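Everything below concerns the one structure shown next.
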Amino acid sequence: MIPGPVEFEPEVMKALGRRTRSHVDPEFILQFGRALNSFKEVCEAPSAQPFIVSGSGTLAMEMAVANLIEPGDHVLVVNTGYFSDRMVKILERHGAHPVQLRAPLGDVPRIEEVESQLTSGSFKMMTLTHVDTSTGVLLPLEPLLALARRQGVLTLVDGVCATGAETFHMEEWGADVLVTASQKALGVPPGLALVLAGPHAMKAWRERESPVGSVYLDFAEWLPIMEAYAAGRASYFATPPVNHLAALDVSLSCLLNEGMEVRTWRHRQHALALRAAWRAMGLKAVPVGEDVMAHTLSALYLPEGLDASFAARVADEGVIVAGGLHPELRTRTFRVGHMNTVSASDVLATVGAIERALLRSGHVREAGTAVHAAQEHLSTIHGNLRGCNSAIPLTAPAFLRGQGGL
Ligand SMILES: *Cc1c(COP(=O)(O)O)cnc(C)c1O
C-alpha cells in the first residue's frame, strides 16, 4: 500500500512474463497499437498524440519539456510539492525561466493568484501536478486549465500519481500535455514513460525554432513509430519495451473494462473510507481540506512521539506503507497508497494494521474503532468495489470488435 509501485493484476504479470516477441511480430503490433489507443481513451483525449517509451515518470516529464520548451521560454509552475520542484529542475536544465507559485504546505494556490500571475507575464506554458505524491494534495485542475486556455498558455499536467484513478477529462478540460508512468494507477510495473500531446502542444512542437536537445526524447524520432503501430504497422527507431507494452495493453483493457467512471468512483469511495479511519485514529492529513485531498494516496502526520520507524512497525503488522518524501515532511509523515487493484478488503486490512501499530505504541486506546469507521463507510456503498477482476475475461475494446482482435 505505497504510492508506487503498486500491486498489479495477475493477468498483467502474466503478460509481462510471456516469451518476448519481436517488435515486428503481428501480435505485438496489435498489442502496442491497442495500448496507444487505450491510453487516449483512459485520458479521454481522442485528438491527442500518445508517446510511450522505456523510462519512468521523470523521463515523461523531461520528454514533454524537451519538446515544448526552447531556451528563454517563461513557464509558470504551480508548485504543490516535491514533484513540482523536480519539474523546475527539468525546466531550468532545458533553458526555461520558471516562475513558481507556491501555496503553503498541504494547500493549493488560489485561482486569483494563478490568474494574476498568468496575466502579468508572457508565459509559454504552465505546469500542474494533478496529485503531488509527497503531500497527498490533489490540484483542482479544471478551472486552472480553463484559465490557461483563455490566456493562450500551454498546460502540462503531471499525472503520474493520478492518471487512471483520478477524474481527468483531458480534451474537455483543455489540457495540452499529460505525462505519466506505468507503475501507479495505470497498473504496470515500473518501466514505461507515457506522454499525451494534444493538438496545441503538437503545433508548438512543430513551430519550434531550435532542435530538441535530445535524440532519444525527440518527438520527431518517435512520431512515425507511434503512428505506424497505431495504424497496425511495425516501425523502428529504438527497441520498444515489448513485454511492458504487452502488459500495458492488458492493464489498460482492464481499466476500460471496469470503466473510468466506475474506477474513479471506486478510488474515491476507498479514500473516503480511509479518511473516516484516519479521523477515528486522530491522524491528521497533510492536505488542508477534503477538496484538495487525493484519492490515490493519503499523506498523514505521525502522532506526537512517533518517528520515521513507524512504517516498519506497520510492516510488522503485515502491510507495507511508505515514509515521508517531502524534505519538510520526511520525518514527520507517512504515506499510504491506495491505487489500482485496491479492494474494500485491502482498505480494512490496512486500517487494521495501522490501528494495531498505534495500539502497541499507546497512541490509540481501543481496538477496532478505526476499522469500524472504515467499515461503516464501506457498508454504505453498493456495487462492484473489487476493481478489475482478472478472473473475468477481457472483452476487446470497441475499436477492435469485428477486426479479429484480442
Ligand atoms: C512518482 C511520480 C513522479 C516520478 O515518477 P518516476 O516514475 O519515479 O520517475 C513524478 N510525478 C509524480 C506526481 C509522481 O507521483
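Treat the numbers as computed from the prediction; the structure is a model and nothing was measured.
Between the CD1 atom in Ile320 and the OG1 atom in Thr350 there is a gap of 11.0 Å [rounded to 0.5 Å]. Distance check, rounded to the nearest 0.5 Å: CD of Gln151 to CG of Leu76 gives 11.0 Å. Atom-to-atom distance recorded for Arg332:CZ and Leu306:CG is 14.0 Å, nearest 0.5 angstrom. In this structure, OG1 on Thr163 lies 10.5 Å from CE on Met339, to the nearest 0.5 angstrom. The structure places NE2 of His295 at 11.0 Å from CG of Leu274, a figure rounded to the nearest 0.5 Å. To the nearest 0.5 angstrom, Gln183 atom CD is 9.5 Å from Ile2 atom CD1.
With hydrogens and angles ignored, the 3.5 Å screen pairs no side-chain donor or acceptor of Thr180 with any backbone N or O of Leu194. Looking only at distances, a side-chain donor or acceptor of Arg275 sits under 3.5 Å from a matching main-chain atom of Met293. With hydrogens and angles ignored, the 3.5 Å screen pairs no side-chain donor or acceptor of Glu207 with any backbone N or O of Ala204. Of the possible polar contacts, one joining the Glu355 side chain to the Ala370 backbone as a donor-acceptor pair under 3.5 Å is found. A donor-acceptor contact shorter than 3.5 Å is absent between the side chain of Asp249 and the backbone of Leu245. In this structure, Thr331 contributes its side chain and Ala308 its backbone to no donor-acceptor pair below 3.5 Å. Arg266 places a side-chain N or O within 3.5 Å of a backbone atom of Val342 that can act as its donor or acceptor partner. Judged by distance alone, with hydrogens and angles left aside, the side-chain atoms of His338 form no donor-acceptor pair with the main-chain N or O of His267 at under 3.5 Å. Formation of a donor-acceptor pair under 3.5 Å by the Ser134 side chain with backbone atoms of His326 is not found in this model. Side-chain atoms of Asn79 come within 3.5 Å of backbone atoms of Gly81 as a donor-acceptor pair (strictly under, hydrogens ignored).
Taking both residues in full, the closest heavy atoms of Ala273 and Val347 are given as CB-CG1, 4.2 Å, listed atom of the first, atom of the second, then distance. In terms of heavy-atom proximity, Ala185 sits nearest to Ala165 at CB-CB, 3.6 Å. The two residues Asn340 and Arg263 make their nearest non-hydrogen contact at OD1-NH2, 2.8 Å. Between Ala299 and Pro287, the shortest heavy-atom contact is O-CD, 3.9 Å. Between Val292 and Gly106 the shortest heavy-atom distance is CG2-O, 3.9 Å. When all heavy atoms of Ala162 and His130 are compared, the pair lying nearest together is CB-ND1, 3.5 Å.
Annotation for His169: atom NE2 counts as buried by contact number, over 12 foreign heavy atoms lying within 6.0 Å. Within 6.0 Å of atom CD1 in Ile111, more than 12 heavy atoms from other residues, nucleotides or ligands are found, so the atom counts as buried in its surroundings.
The pair Lys14-Glu9 does not meet the salt-bridge criterion, since no charged nitrogen lies less than 4.0 angstrom from a carboxylate oxygen. A salt bridge does not link Glu317 with Arg313: none of the charged nitrogens is closer than 4.0 Å to a carboxylate oxygen. Between Glu290 and Arg279 there is a salt bridge, since a side-chain N of the basic residue sits under 4.0 Å from a carboxylate O of the acidic one.
Between Thr133 and Leu297, the closest side-chain pair of non-hydrogen atoms falls below 4.5 Å. The side-chain heavy atoms of Val12 and Leu16, taken from C-beta on, include no pair separated by under 4.5 Å. At a threshold of 4.5 Å between non-hydrogen side-chain atoms, the residues Phe39 and Leu196 count as touching. In this structure the side chain of Met260 reaches within 4.5 angstrom of the side chain of Val42, judged on heavy atoms. Taking the side chain as every heavy atom from C-beta outward, Met61 and Asp158 approach each other to under 4.5 Å. Contact annotation: the side chain of Glu166 approaches that of Thr296 to within less than 4.5 Å [non-hydrogen atoms, C-beta and beyond]. Contact of the Val286 side chain with the Leu329 side chain is registered, since non-hydrogen atoms from C-beta on lie closer than 4.5 Å. Using a 4.5 Å heavy-atom cutoff, the side chains of Leu300 and Ile354 are not in contact.
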> Can Asp132 and Thr129 be said to form a side chain to side chain donor-acceptor pair (under 3.5 Å), step by step?
Replying inline: CA-CA 6 Å; Asp132 190 282; Thr129 311; 4.6 Å; no
>> The test is side chain to side chain contact (heavy atoms under 4.5 Å, CB included); show your working for Leu128 and Leu141 and say whether it passes.
In response: CA-CA 8 Å; Leu128 308 156; Leu141 285 182; 3.9 Å; yes
>> side chain to side chain contact (heavy atoms under 4.5 Å, CB included), that's the test. Do Gln49 and Met202 meet it? Break it down for me.
In response: CA-CA 8 Å; Gln49 175 60 50; Met202 291 307 286; 4.1 Å; yes
> For Glu62 and His94, what are the C-alpha separation, side-chain angles and deciding distance, and is it a side chain to side chain donor-acceptor pair (under 3.5 Å)?
Replying inline: CA-CA 9 Å; Glu62 189 146 23; His94 288 267; 2.7 Å; yes
>> Could you go through Phe83 and Val131, starting from their C-alpha distance and side-chain angles, then the distance that decides it, and tell me whether this counts as side chain to side chain contact (heavy atoms under 4.5 Å, CB included)?
In response: CA-CA 9 Å; Phe83 288 105; Val131 168; over 6 Å; no
> Should Arg19 and Asp25 be marked as a salt bridge (charged side-chain N to carboxylate O under 4.0 Å, His left out) after you check the CA-CA gap, both sets of side-chain angles, and the distance that decides it?
Replying inline: CA-CA 12 Å; Arg19 214 180 102 245; Asp25 184 296; 5.9 Å; no
> What do the steps show when you test Arg149 against Asp176 for salt bridge (charged side-chain N to carboxylate O under 4.0 Å, His left out), and what is the final call?
Replying inline: CA-CA 9 Å; Arg149 190 45 68 86; Asp176 294 310; 2.7 Å; yes
Let me check something: any side-chain donor-acceptor pairs from residues 209-228 under 3.5 Å, sequence neighbours excluded? List them with distances.
from: Ser210; atom 1: OG; to: Glu70; atom 2: OE1; distance (Å): 2.8
from: Ser210; atom 1: OG; to: Arg208; atom 2: NH2; distance (Å): 3.4
from: Ser214; atom 1: OG; to: Tyr216; atom 2: N; distance (Å): 3.4
from: Ser214; atom 1: OG; to: Leu217; atom 2: N; distance (Å): 3.1
from: Tyr216; atom 1: OH; to: Ser54; atom 2: O; distance (Å): 3.3
from: Asp218; atom 1: OD1; to: Ala220; atom 2: N; distance (Å): 2.9
from: Trp222; atom 1: NE1; to: Tyr216; atom 2: O; distance (Å): 2.5

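For Ser22, there are no side-chain hydrogen bond (donor to acceptor under 3.5 Å, both in side chains) partners, not counting sequence neighbours. Residues meeting the side-chain hydrogen bond (donor to acceptor under 3.5 Å, both in side chains) test with His244, sequence neighbours left out: none.
The ring of His74 has its center closer than 6.0 angstrom to the ring center of His97. In summary, the aromatic rings of His23 and Tyr236 are positioned with their centroids under 6.0 Å apart.
Geometric assessment of Lys284 against the ring of Phe334 yields a negative cation-pi assignment under the 6.0 Å and 45° thresholds.
Residue Val77 is tested with Leu156, Val88, Leu101 for a side chain to side chain contact (heavy atoms under 4.5 Å, CB included); the sole match is Val88.
Using bins of under 30°, 30° to 60° and over 60° for the plane-to-plane angle, the ring pair Phe28/Phe32 lands in the tilted bin.
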